[in-house]
J.: 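Below is a structure I'd like to ask you about.
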Amino acid sequence: SRVEKPLPIYVPRDEQFEESKQNAFSAGRLRAVLHNLLPQLKASISAHNRDLNSFSDIDGLYKEGLLLKLGFHETVKKLPKMVSKLQESSEGLLKYETPKVVSKDKFAWLRDDEFGRQALAGVNPVNIERLASFPPVSMLDPEIYGPQESALKEEHIAGQLNGMTVQQALDENKLFMVDYHDIYLPFLDRINALDGRKSYATRTIFFLTPSGTLKPVAIELSLPHTSPNSRSKRVVTPPVDATTNWIWQLAKAHVCSNDAGVHQLVNHWLRTHACMEPFILAAHRQLSAMHPIFKLLDPHMRYTLEINALARQSLISADGVIENCFTPGRYCMEMSAAAYRSHWRFDKEGLPADLIRRGIAVPDPTQPHGLKLLIEDYPYASDGLLIWNALENWVRTYVNRYYPNSSLVCNDRELQQWYHESVHVGHADFSKESWWPSLKTTDDLVSILTTLIWLASAQHAALNFGQYPYGGYVPNRPPLMRRLIPDENDLEYANFLADPQKYFLSALPSLLQATKFMAVVDTLSTHSPDEEYLGERQHPSIWSGDAEIIEAFYGFSAEIRRIEKEIEKRNADPNLKNRCGAGVLPYELLAPSSGPGVTCRGVPNSVSI
């Protein structure tokens, strides 16, 4: 049954945070932010819950802090002691570090090349897919959601393809898409009826340029189909003058807001935190602590049950931070569940299978990973494949040591019960699906374990630790939008023309919504001092008395260090324009090691924040 705050959700003692993790977590961070600070801020600032008036308002959050910004010196004295102490120690409550995305180039976020780059090397690099046919087609039921055809036409993009025809660009694998049409459209009526929320279901078409970067060439914005003659779809193309420039910036902001919601609710919460949990619970229930597979998985399960329990009470709870900060509002978890129902498949969650599913890679036995990337400079995928390979080799060595032949896998009752419970109880909605991998051979076991360890370590890190560096500057990735793009027939159009910057800022989250969001993603992007990273294990000699396995683990650690050097080398290669260039952020989210704090790098062993 649900346990509400302040009572904690029960988490077994050996799964709870250890002291240094607990301290790092609660010392003025998530607990303070969520339990003490936000209600106080809400009460004291609600009267001032104003729009961002200028970009300097946002800059002020990094220099002066929120309360100074609002002239709240007096209010602070009335707040609890804890808050006053924070005020004294921070010279302006809620003063934030400058997010990395604006640290080198303050205006990068406005540019189309950076918008495209973040689809490959930002905090959500897992939605880009190859466009197999043009125009794209919806899979939603036309009886309910109207015509499946897109409003995109060849003439929208034909002039922007470097002299190619649309068909040539398709044939040569030059067209890519980020498609949020089908996930958002079923929810839009309800989202747009919420107070202060306005959203489209977006599709963005990108062209792969000769230099290997992505150029956005069209954005389709869809609203629910209300009547046969209603204009529910609109296409925006790159600007040619001042007015179309602001419309294009608003369209990109709506795409980023769609992207922020799918990133948080589907790729981060659902596909790493939530879908890992049944495998962890079943491991504790079905595998002995001495079982070799339990010992292999143990560091990759650390703290996940505790962080998920905290998330259910404070983050994804009704009227919690996620509902308050993201476009879908009270429909956030419903959207997450709908994505699970329609898209999630365990057999596609490993990196190679996911890249092939999205059409970004094709099988190629001549390549080192057996895959050829169709976008060569795709930092998440190219670094990820190095880590996937290292994990797979380590897991194969380990599995072969204990299961020299497949009959041992079939006859290991604990192992079979673990997998059976994970599938049939933990993922019961899908228990009858034919796509579940069988567990009959050593290869099956290697594949299942590699996928689980990948999700807990590298996949979660790639999606999590860039949240503040990229999302902490709210205009770069607004978590919600409050206005649609005005049409020439709208009353607001005159206001938009008169002061487009004011209109743009009023469409972004309010000052309080922005700071609330920044406080949370700052915490989520933080490594604790006791973090254990890929290739590390506290006291390897304790978990295995087997010298051969310890030797193999040291070999794996050395390979992880080699990968880190290779990533450094790639980040210094001027030919790789998605990770190297004037003011371009290097791609370090899959660089395995990190110090504590918000570092925009580091791959912990487990989902621990």
J.: Using 4.0 Å as the upper bound for N to carboxylate O, is an ion pair formed by D259 and R477?
T.: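 Answer for the salt bridge query: yes.
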J.: The test is side-chain hydrogen bond (donor to acceptor under 3.5 Å, both in side chains); show your working for N192 and D189 and say whether it passes.
T.: CA-CA 5 Å; N192 287 342; D189 272 329; over 6 Å; no
J.: Any chance you could measure E433, atom CD, to D347, atom CG, to the nearest 0.5 Å?
T.: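 Output value for this atom pair is 10.0 Å.
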J.: So, S103 side chain and K100 main chain: donor-acceptor pair closer than 3.5 Å or not?
T.: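 Such a contact is found between S103 side chain and K100 backbone.
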J.: Can you label the angle between the W436 ring and the F346 ring as parallel, tilted or perpendicular, going by 30° and 60°?
T.: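 Plane angle under 30°, so parallel.
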J.: Would a 4.5 Å heavy-atom cut-off, applied to side chains only, mark P368 and N389 as touching?
T.: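 Counting from C-beta outward, P368 and N389 never come under 4.5 Å.
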J.: Near K502 NZ, under 6.0 Å, is it more than 12 heavy atoms from other residues, nucleotides or ligands?
T.: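 12 or below, so no.
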J.: Can any side-chain N or O of E172 pair as donor or acceptor with the backbone N or O of A169 at less than 3.5 Å?
T.: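 No: the side chain of E172 does not pair with the backbone of A169.
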J.: Taking atom CD1 as the centre, does I144 end up with more than 12 heavy-atom neighbours from other residues, nucleotides or ligands that are less than 6.0 angstrom away?
T.: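 Enclosed.
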J.: Any heavy-atom pair between the side chains of Y184 and M335 that's under 4.5 Å?
T.: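 Result yes, sub-4.5 Å side-chain heavy-atom pair found.
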J.: Quick one: does any side-chain atom of Y587 pair with a main-chain N or O of G122 as donor and acceptor, under 3.5 Å?
T.: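 No: the side chain of Y587 does not pair with the backbone of G122.
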J.: Can you name the closest pair of heavy atoms from L589 and A461 and give their distance?
T.: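 That closest heavy-atom pairing would be O-CB, 4.2 Å.
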J.: Please check: side-chain N/O of N464 versus main-chain N/O of S525, any donor-acceptor pairing under 3.5 Å?
T.: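 Judged by distance alone, no pair lies under 3.5 Å.
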J.: Run the salt-bridge test on E349 and R345 with the 4.0 Å N-O cut-off and return the result as yes or no.
T.: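 No salt bridge links E349 with R345.
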J.: Can you tell me how far the CG atom of L484 sits from the CG atom of L223, to the nearest 0.5 Å?
T.: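 The CG atom of L484 sits 6.0 Å away from the CG atom of L223.
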J.: At their closest point, which heavy atom of A201 faces which heavy atom of Y180, and how far apart are they?
T.: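 The pair with the smallest heavy-atom distance is CB-O, 4.0 Å.
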J.: Is it true that a side-chain atom of T327 and a backbone atom of S257 form a donor plus acceptor pair closer than 3.5 Å?
T.: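 Absent.
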J.: Can you check whether Q467 reaches H268 side chain to side chain, under 4.5 Å on heavy atoms?
T.: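 Contact flag for Q467/H268 side chains = yes.
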J.: Would you say L455 and V607 make side-chain contact, with heavy atoms under 4.5 Å?
T.: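 They are not in side-chain contact.
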J.: Compute whether any side-chain donor of one residue and acceptor of the other, for Q118 and N124, lie under 3.5 angstrom apart.
T.: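 No, because no side-chain N or O of Q118 sits under 3.5 Å from a partner of the opposite role on N124.
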J.: Is the cationic atom of R130 (NZ for Lys, CZ for Arg) positioned less than 6.0 Å from the six-membered ring centroid of F176 and within 45 degrees of its normal?
T.: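 That pair does not qualify as a cation-pi contact.
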J.: Can you tell me how far CG of L315 sits from CD of Q264, rounded to the nearest 0.5 angstrom?
T.: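 Reported value, rounded in 0.5 Å steps: 8.5 Å.
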J.: Please tell me whether D51 and S506 have a donor and an acceptor in their side chains that are separated by less than 3.5 angstrom.
T.: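 Looking only at side-chain atoms, S506 and D51 do not form any donor-acceptor pair under 3.5 Å.
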J.: How about CD on E376, more than 12 heavy atoms from neighbouring residues, nucleotides or ligands closer than 6.0 Å, or not?
T.: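 Atom CD in E376 is not packed in, count stays at 12 or less.
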J.: How far apart are the C-alpha atoms of D179 and E129, what are their side-chain angles, what is the distance that settles it, and do they pass the side-chain contact (heavy atoms from CB on, under 4.5 Å) test?
T.: CA-CA 8 Å; D179 185 356; E129 58 184 293; 3.8 Å; yes
J.: Can you tell me if D57 uses its side chain to pair, donor with acceptor, with the backbone of N53 under 3.5 Å?
T.: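 Yes, D57 side chain to N53 backbone: donor-acceptor pair under 3.5 Å.
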J.: Side chains of E220 and R234, heavy atoms from C-beta outward: is any pair under 4.5 Å?
T.: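 They are not in contact (no side-chain heavy atoms under 4.5 Å apart), so the answer is no.
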J.: So W454 and Y380, would you call those rings parallel, tilted or perpendicular, with 30° and 60° as cut-offs?
T.: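 It falls in the tilted class, 30° to 60°.
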J.: Taking the side chain from T98 and the backbone from Y62, do they hold a donor-acceptor pair closer than 3.5 Å?
T.: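 No, T98 side chain to Y62 backbone: no donor-acceptor pair under 3.5 Å.
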J.: Between R117 and E114, is the closest basic N to carboxylate O distance under 4.0 Å?
T.: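 Judged by the 4.0 Å cut-off on N to carboxylate O distance, E114 and R117 do form a salt bridge.
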J.: Begin with the C-alpha distance, continue with both residues' side-chain angles, and end with the deciding distance and a verdict on ring-ring contact (aromatic ring centres under 6.0 Å, His included) for H527 and F465.
T.: CA-CA 8 Å; H527 290 292; F465 293 102; 3.9 Å; yes
J.: Can you tell me how far CG of L188 sits from NE2 of H225, rounded to the nearest 0.5 angstrom?
T.: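 Rounded to the nearest 0.5 Å, the NE2-CG separation comes out at 14.0 Å.
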J.: Are F496 and W246 an aromatic pair, judged by ring center distance below 6.0 Å?
T.: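 When the ring centroids of W246 and F496 are compared, they turn out to be at least 6.0 Å apart.
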J.: May I ask you to test the I157-F207 pair for a side-chain heavy-atom distance under 4.5 Å?
T.: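 No, too far: nothing below the 4.5 Å cut-off.
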J.: Are the side chain of Y340 and the backbone N or O of C275 linked by a donor-acceptor pair below 3.5 Å?
T.: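 Pair absent, no side-chain N/O of Y340 close to backbone of C275.
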J.: Indicate yes or no: does K215 engage D113 in a salt bridge with an N to O separation below 4.0 Å.
T.: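 Judged by the 4.0 Å cut-off on N to carboxylate O distance, K215 and D113 do not form a salt bridge.
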J.: Is there a side-chain contact (heavy atoms from CB on, under 4.5 Å) between F504 and L250 once you walk through the steps?
T.: CA-CA 7 Å; F504 182 86; L250 279 163; 3.7 Å; yes
J.: Cation-pi between R483 and Y503: NZ/CZ under 6.0 Å from ring centre and within 45° of the ring axis?
T.: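 Cation-pi check for R483 and Y503: passes.
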J.: Got a second to check how far N571's CG is from L576's CG, nearest 0.5 Å?
T.: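 One gets 8.5 Å once the value is rounded to the nearest 0.5 Å.
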J.: Does this structure show an ion pair linking E588 with R579, if we count only N-O contacts that are shorter than 4.0 Å?
T.: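 No salt bridge links E588 with R579.
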J.: Is the distance between the ring centroids of F326 and F517 under 6.0 Å?
T.: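 Yes, the ring centres sit under 6.0 Å apart.
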J.: One thing to verify: whether E564 and R601 come together as a salt bridge, which I'm taking to mean a side-chain N less than 4.0 angstrom from a carboxylate O.
T.: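 Counted as a salt bridge, because a side-chain N and a carboxylate O are separated by less than 4.0 Å.
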J.: Is any side-chain heavy atom of Y468 closer than 4.5 Å to one of L524?
T.: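 Counting from C-beta outward, L524 and Y468 never come under 4.5 Å.
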J.: Specify whether W435 and W344 have parallel, tilted or perpendicular ring planes, treating 30° as the upper limit for parallel and 60° as the lower limit for perpendicular.
T.: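 Ring orientation of W435 relative to W344: perpendicular.
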J.: Closest approach of P224 and L185, non-hydrogen atoms and distance?
T.: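 In terms of heavy atoms, the two residues are closest at N-CD1, 4.1 Å.
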J.: Would you sort out whether S336 and W269 count as a side-chain contact (heavy atoms from CB on, under 4.5 Å), showing the intermediate values?
T.: CA-CA 8 Å; S336 186; W269 167 253; 3.8 Å; yes
J.: Which atoms form the tightest heavy-atom contact between I453 and S457, and what is the distance?
T.: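 Here I453 and S457 meet closest at O-OG, 2.6 Å.
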J.: Do other residues, nucleotides or ligands put more than 12 heavy atoms under 6.0 Å from the CD atom of E155?
T.: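 Enclosed.
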J.: For I128 versus R358, what's the shortest heavy-atom pair and its separation?
T.: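 Closest heavy-atom pair between I128 and R358: O-NH1, 2.7 Å.
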J.: Is a donor on one side and an acceptor on the other found under 3.5 Å between the side chain of D241 and the backbone of T243?
T.: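 Yes.
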J.: Do Q249 and L110 have side-chain heavy atoms sitting under 4.5 Å apart?
T.: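 SC-SC contact between Q249 and L110 confirmed.
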J.: When you look at L385 and L351, which way does the side-chain contact (heavy atoms from CB on, under 4.5 Å) test go after all the steps?
T.: CA-CA 7 Å; L385 285 168; L351 179 62; 3.9 Å; yes
J.: Nearest 0.5 Å please: distance from the CG atom of L131 over to the CZ atom of R203.
T.: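 Answer for the CG-CZ pair, L131 versus R203, is 9.5 Å.
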J.: With the threshold set at 4.0 Å, does a side-chain nitrogen-carboxylate oxygen contact exist between K348 and D354?
T.: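 Looking at D354 together with K348, the answer is no, because their closest N to O distance does not fall below 4.0 Å.
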J.: Okay, side chain of S56, backbone of D59: is any donor-acceptor separation there less than 3.5 Å?
T.: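 No, the answer is negative, given that no donor and acceptor are paired below the 3.5 Å cut-off.
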J.: Between Q459 and T272, which heavy-atom pair has the shortest distance, and what is it?
T.: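 Heavy atoms of Q459 and T272 come nearest at CG-CG2, 3.9 Å.
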J.: Step through the shown structure and confirm whether more than 12 heavy atoms of other residues, nucleotides or ligands are within 6.0 Å of NZ on K106.
T.: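 Not buried by this count: 12 neighbours or fewer within 6.0 Å.
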J.: Can the positive tip of K252 be found less than 6.0 Å from the middle of the six-membered ring of F115, inside 45° of the ring normal?
T.: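 Flagged: K252 positioned over aromatic ring of F115.
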